[in-house]
Structures are given as C-alpha cells and as structure tokens.
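Take a look at the structure below.
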Amino acid sequence: MTQWNSDKELFELGRRELYTAVVGDICDQIGLRHQFLSPQIRPLEPPGQCQVMIGRAMTVLEADVFSEPEGNHPFGQMLVALDDLQQDEVYICAGSSPRYALVGELMCIAMRSRGAVGAVCDGYIRDCQRIFEMSYPVFSLGPYAQDQRGRGMVIDFRVTIEINNVVIHPGDVIMGDIDGVLVVPSDAVEEVFTQALTKVRGENIARDALLNGLTASEVFTKHGIL
C-alpha cells in the first residue's frame, strides 16, 4: 500500500525525506542500474543551498541549426512547449550539441508560472545570477551566455529523449539534488519510492546507532544498512 494518494503527496514526501542516493540504491536493487544522468549535469545552487527537485518529466527535444530558419519561429516549438507545462513537471531537454545555452531567466519565469518545479538541461544555461536569485532549481553543464537563436531550436516535446544512455519518457519521475539527477520510469514509481522511504527511515536509525557509539559492523549486522 502506497504512503501517498497523489503526485503532490509523493513529491512532498520526496522533498522532505528522500535524496537521489537512496532512490538510486533502490533502482539498483530492482534491476534499474543505469538511471543517473551525466555527473557533469550539476545544480546551479551551491552545496549548502541545493534544493531537492522532484516532478514528472516534460521532455523537450532540441536540435542544432546553423542559421535562423525562414518562415518558422527562431526557437522552433520552445514557446509552445513552455506554455504546455503542467503543475509539478520538470522541463528536461536534450538533443543538441553543447554550443549554446538551452535555458535562461525568462524561460524559468515562464516555467514557474505554469507550476513546473525545475529544469534539467543536457547543455548549458545562462542568466545564472538571475536564476539563482529566483531560487529556481536548474541542473545543467554550467553557465554559458551564448544564445541558442540561430544555433538551436526545439523540434518536439513530450517525446522520448536520451541523456547519458538513460532513456527518458514523458511522465517519468525526475529527481535532482546536490548528488546529481536520476530518472525513475513511470511504471516503477510506486515500487521505487515505497522502498526508498523504508530504506531512508532505516538509515536514520542506523545513523543514530553510529552516533551512539556502535561500530559499522555492529550497525550492519543489526540493521542491514550502512
């Protein structure tokens, strides 16, 4: 039996109790052994301020161009994709080469206004000081101010994408924190997060035992966790 009745309740539990390492451990245990995105995809926030981001994937497919297309919007379907974002979704984009920024401040404002909880880019971001001041969770390869206009565009969204050989479908759960970003397939969400909550609560007990003087071997023998 699940401990939540809606995505909103699940995501609140995730932000309050979970982190990517413990969720990744459960993915490993059930055979999902390659769910983390590239380690180079990092949060914008510094370590002491990094939020836990968790939501459903709103996948966005980018592509390189080498001039502004005639007769089409210079950013392709980007604005349509932004307007299509739903509550508790994560804007996650991939497909282009790392030659320009994929997300900036105004895009993040648009995302937040639609109820989206963050963004993940297999590429760079810009306007980083402004995004940082917004305290909006964004994960990327880092800052780079080069605009994508005339260099890249959104060619589709709510389609399957891939980052670091991790296949991401619309509606998969995306979780990010200081340790990175991972993807939980939609059909494994109940199993993964139920077990992750059990594991993290056990880890809290193990942590207290270590702090109270038990050895690592004693803690593992007693609780099966370390």
Side-chain angles (χ1 to χ4, degrees), residues 7 10-28 32 34-60 62 78 81-82 85 87-146 148 161-166 168 172-184 189 192-193 196 200 203:
D7 275 359
L10 169 60
F11 299 154
E12 286 175 352
L13 279 170
R15 285 188 288 268
R16 186 168 65 245
E17 296 193 46
L18 297 177
Y19 45 95
T20 57
V22 71
V23 176
D25 287 350
I26 300 302
C27 288
D28 280 350
L32 300 171
H34 190 67
Q35 300 307 122
F36 275 94
L37 305 187
S38 311
Q40 290 80 17
I41 295 178
R42 305 298 303 153
L44 177 61
E45 296 98 334
Q49 300 178 42
C50 182
Q51 307 171 60
V52 174
M53 178 197 69
I54 181 169
R56 295 280 180 176
M58 196 282 212
T59 54
V60 178
E62 292 262 356
M78 178 198 294
L82 289 170
L85 278 163
Q87 186 73 34
D88 292 322
E89 287 191 323
V90 174
Y91 183 100
I92 180 166
C93 58
S96 65
S97 60
R99 299 189 299 121
Y100 44 83
L102 299 174
V103 164
E105 177 203 7
L106 296 182
M107 291 179 67
C108 289
I109 293 173
M111 292 174 199
R112 173 173 278 175
S113 72
R114 297 292 300 163
V117 294
V120 178
C121 302
D122 189 20
Y124 295 106
I125 60 174
R126 67 184 209 158
D127 308 322
C128 291
Q129 182 62 37
R130 299 287 186 125
I131 297 172
F132 177 77
E133 290 169 359
M134 288 173 59
S135 191
Y136 192 67
V138 179
F139 295 75
S140 72
L141 298 180
Y144 184 43
Q146 184 71 74
Q148 70 171 307
I161 61 174
E162 185 175 305
I163 300 175
N164 191 35
N165 297 318
V166 180
I168 306 156
D172 289 346
V173 169
I174 309 297
M175 186 174 189
D177 61 17
I178 188 60
D179 290 326
V181 180
L182 88 160
V183 179
V184 180
V189 165
V192 168
F193 284 99
V200 79
E203 287 186 348

Q: Step by step, work out the side-chain contact (heavy atoms from CB on, under 4.5 Å) result for Met78 and Met107.
A: CA-CA 9 Å; Met78 178 198 294; Met107 291 179 67; 3.7 Å; yes
Q | Partner residues of Tyr19 under the ring pair (Phe, Tyr, Trp, His ring centres under 6.0 Å) criterion, sequence neighbours left out | A | none
Q: Spell out, as yes or no, whether a donor-acceptor pair under 3.5 Å connects the side chain of Glu62 to the backbone of Ser97.
A: no
**Q.** Pairwise side-chain contact, Leu102 with Gln148, heavy-atom cut-off 4.5 Å (strictly under)
**A.** yes
Q: Identify the heavy atoms of Val22 and Ala196 that sit nearest to each other, and give their distance.
A: CG2-O, 4.1 Å
Q) How far apart are the closest heavy atoms of Cys128 and Leu44, and which atoms are they? A) O-CD2, 3.6 Å
**Q.** Over 12 foreign heavy atoms within 6.0 Å of CZ, Arg99
**A.** yes
Q: Please examine the side chains of Leu13 and Leu18, heavy atoms only from C-beta on, and report whether any two atoms are closer than 4.5 Å.
A: no
Q: Quick one: list whatever passes salt bridge (Lys or Arg N to Asp or Glu O under 4.0 Å) with Glu12, sequence neighbours left out.
A: none
Q.
Any heavy-atom pair between the side chains of Pro137 and Val117 that's under 4.5 Å?
A. no
**Q.** side-chain contact (heavy atoms from CB on, under 4.5 Å) between Asp172 and Val184, worked out
**A.** CA-CA 6 Å; Asp172 289 346; Val184 180; over 6 Å; no
**Q.** Check: Phe193 and Ile54 side chains under 4.5 Å, non-hydrogen atoms
**A.** yes
Q) Is there a side-chain contact between Gln87 and Asp7, using heavy atoms and a 4.5 Å cut-off? A) no
Q) Can you tell me how far CD of Glu45 sits from CZ of Phe139, rounded to the nearest 0.5 angstrom? A) 6.5 Å
(Q) On a heavy-atom basis, which atom in Tyr144 and which in Ala101 lie closest, and how many Å separate them? (A) O-CB, 3.3 Å
Q: Quick one: pull up CG in Leu85 and CZ in Arg56 and give me the separation to the nearest 0.5 Å.
A: 15.0 Å
Q. Would you say the side chain of Ile174 lies within less than 4.5 Å of the side chain of Val181, judging by non-hydrogen atoms?
A. yes
Q) How long is the span from the CG atom in Asp179 to the OG1 atom in Thr20, to the nearest 0.5 Å? A) 4.5 Å
Could you give the side-chain donor-acceptor pairs of residues 34-43 under 3.5 Å, partners two or more places apart or in another chain?
residue	atom	partner	partner atom	Å
His34	NE2	Asn164	O	2.8
Gln35	NE2	Val183	O	2.7
Arg42	NH1	Ile178	O	3.2
Arg42	NH2	Ile178	O	2.5

Q | Heavy-atom closest pair, residues Ala145 and Arg126 | A | O-NH1, 2.8 Å
Q: Provide the closest heavy-atom pair for Cys27 versus Leu182 in the form atom of the first, atom of the second, distance.
A: SG-CD1, 4.2 Å
(Q) Rounded to the nearest 0.5 Å, what separates atom SG in Cys108 from atom CD1 in Ile131? (A) 4.0 Å
Q | Polar side-chain atom of Arg112 near backbone of Met134 as donor-acceptor pair, under 3.5 Å | A | yes
Q: With rounding to the nearest 0.5 Å, note down the distance linking CD1 in Ile163 to SG in Cys93.
A: 7.5 Å
Q | Main-chain N/O of Ala94 paired to Asp122 side chain as donor or acceptor, under 3.5 Å | A | no
Q) For Val52 and Met175, which heavy atoms make the closest approach, and how far apart are they? A) CG1-CE, 3.8 Å
Q. Going through the distances and angles, do Tyr91 and Leu82 end up as a side-chain contact (heavy atoms from CB on, under 4.5 Å)?
A. CA-CA 8 Å; Tyr91 183 100; Leu82 289 170; 3.7 Å; yes
Q) Given the rule in the side-chain contact (heavy atoms from CB on, under 4.5 Å) test, do Tyr124 and Gln146 qualify, once you have shown the distances and angles that lead to the verdict? A) CA-CA 9 Å; Tyr124 295 106; Gln146 184 71 74; over 6 Å; no
